[in-house]
Amino acid sequence: MTDAPDAALLALLAVVAAGTPAAATAPPAIGRLEEARERLRALGVQLPAREGLRRVQFPNFGNFPNFQNAFPNFPNFPNFRNVRY
Amino acid sequence: MSVPPLEPPLSRATLRGATRLLILQGTPFCNVDCAYCYLPGRDRRDRMAHGTVAAAVRWVFDAGLAPDPLCIAWHAGEPLVLPPGWYRGAIAAARAAAPPGAALRHFIQTNATLVTDAWCDLFHEHGIGVGVSLDGPAPVHDARRRTRGGGGTHAAALRGLRLLRRRGLDPHAICVLGEASLDHPEAIVGFFAAEGVRDIGFNVEEQEGVHAGSTLARPGIERRFRRFLERALDAAHREGVAIRELRDQAGLLLTLPGGLSGGNSQNLPFSNVTVAHDGTIHTFSPELAGVAHPRLGHLALGHVRRDTLEDVLRSPVFRAAWAEVAEGVALCARSCSYFPLCGGGAPSNKLAERGSFAAGETLSCRLIPQQVAEAVLGRLLPPAAAS
């Protein structure tokens, strides 16, 4: 695994930070995931190749995909999502 | 969307290296009494024997669950109520129990009220990562994070945080959001930025464990929460602060279309392993440790000194829990469009809110990850064309 996904993530975060929030009345955007990926590509964010991602289907989760697997070099590992209060 | 099968087969081979986090409960005791705490027995002063620490680490390695490095978080009670010398012994016991050359990384999540120079010495000595639990400015924090006598804890926590930073440690913060937090995004983010904390994780006040209600459980909260997120995101951008939830959800967009279709770290068996102070083994959501459910009984799966991984996999408690958890994940996959960015929710929330692991959406789902996903997507996408 290289640093490339980390760079893509940082680029994505920059795009999100610079973006304008959707109107409060806007319909949910969850159905537009592929459009979001295309938008990122158009903005120059280098998306990791799909075949390069670790995607092992449930229940073979020895290498199950999650943020930490996909971006092992990003800081704050583990990110304490599972540590509560 | 593919639907995971029910009761998928589990074995030592399929579970190899699965444990992303080993949570060790040095003690269940906590010196503060937060209004939203989920922990049963937090007034008990039991402590884990060093022999149990060793047995826990040995169990994870013997089971083949340990990745490299193995991350160990000391939590599920306030870890700093035990003295630094106890941790020196515990860390040595863990080291001795791990195979030669295996890497162990230790982390502590603390309310920071007990931090002293002696603690900072320990953290430096062993490269221990530190997170502090702080809810923002004093009025927000002290409303919920109180002593048993009812006093606020903000001043002590802030003193601890500042000492950590003066001593060159760089803690992240976990900030619990209740209903009263939602009007103060700029103040909360600004507080952390002013104190030099550059990495914030937002946990929502959840209904789980012994905390039977949430101030967020009210109509219309999703819209307020979304507004909070948007304002917090803008404030974080201005202040140069990272928000964990934003980073996670944005990162997951890069992993589509599969995303989290393999489940998430709370519903995949042994992704989290929690060993309670008495050596009992738990998995799935860490908050399940110590929980006795009216229908499922005590959720301990076995004991690190007595049971092998195979014993645990065969145990009625594990089999019942896993069958329900898998059914719940399958339900999420069938019914929720956010599944690729969530992976099937948190078993602890499902059990507390819905009475079963075999359930779908919860309050926590409707806030994080759903509103975070919408905030991220809303900033990426142009408005949808009117139909």
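Hydrogens, waters and symmetry mates are skipped; everything else that's a heavy atom, side chains included, is used. Predicted, not measured: the structure shown is a model, and the values here were computed from it. Every chain is numbered from 1, with letters handed out A, B, ... down the list of sequences.
- A:Arg37 places none of its side-chain heavy atoms less than 4.5 Å from the side chain of B:Leu253.
- Both the backbone and the side chain of B:Ala250 come within contact range of chain A, with heavy atoms under 4.5 Å apart.
- A distance of 12.0 Å separates CZ in B:Phe339 from CD1 in A:Ile30, rounded to the nearest 0.5 Å.
- For a residue to count as touching a neighbouring chain, one of its non-hydrogen atoms must lie under 4.5 Å from one of that chain's; by this rule B:Arg227 does not touch chain A.
- If you measure heavy-atom distances from B:Leu246 to chain A, the contacts under 4.5 Å come from both the backbone and the side chain.
- Neither the backbone nor the side chain of A:Ala26 comes within contact range of chain B; no heavy atom of the residue lies under 4.5 Å from a heavy atom of that chain.
- Surrounding CZ of B:Arg12 are more than 12 heavy atoms belonging to other residues, nucleotides or ligands, all under 6.0 Å away.
- Of the listed residues (A:Val45, A:Leu12, A:Leu43), the greatest number of heavy-atom pairs within a distance under 4.5 Å of chain B belongs to A:Leu12.
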Please tabulate, one pair per line, all N/O donor-acceptor pairs under 3.5 Å involving side-chain atoms of residues 376-384 of chain B, not counting sequence neighbours.
unit_1, atom_1, unit_2, atom_2, d
B:Arg379, NE, B:Glu230, OE1, 2.8
B:Arg379, NH1, A:Gly19, O, 3.4
B:Arg379, NH1, B:Asp234, OD1, 3.0
B:Arg379, NH2, B:Glu230, O, 3.2
B:Arg379, NH2, B:Glu230, OE1, 2.8
B:Arg379, NH2, B:Asp234, OD1, 3.1

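- Among A:Gly31, A:Ala22, A:Pro21, the residue with the largest count of heavy-atom pairs under 4.5 Å with chain B is A:Pro21.
- Contacts of B:Leu233 with chain A are made by side-chain atoms alone, with heavy-atom separations under 4.5 Å and no backbone atom involved.
- Looking at A:Leu40, only its side chain comes within 4.5 Å of chain B, counting heavy atoms on both sides.
- The side-chain hydrogen bond (donor to acceptor under 3.5 Å, both in side chains) search around B:Glu239 returns none, not counting sequence neighbours.
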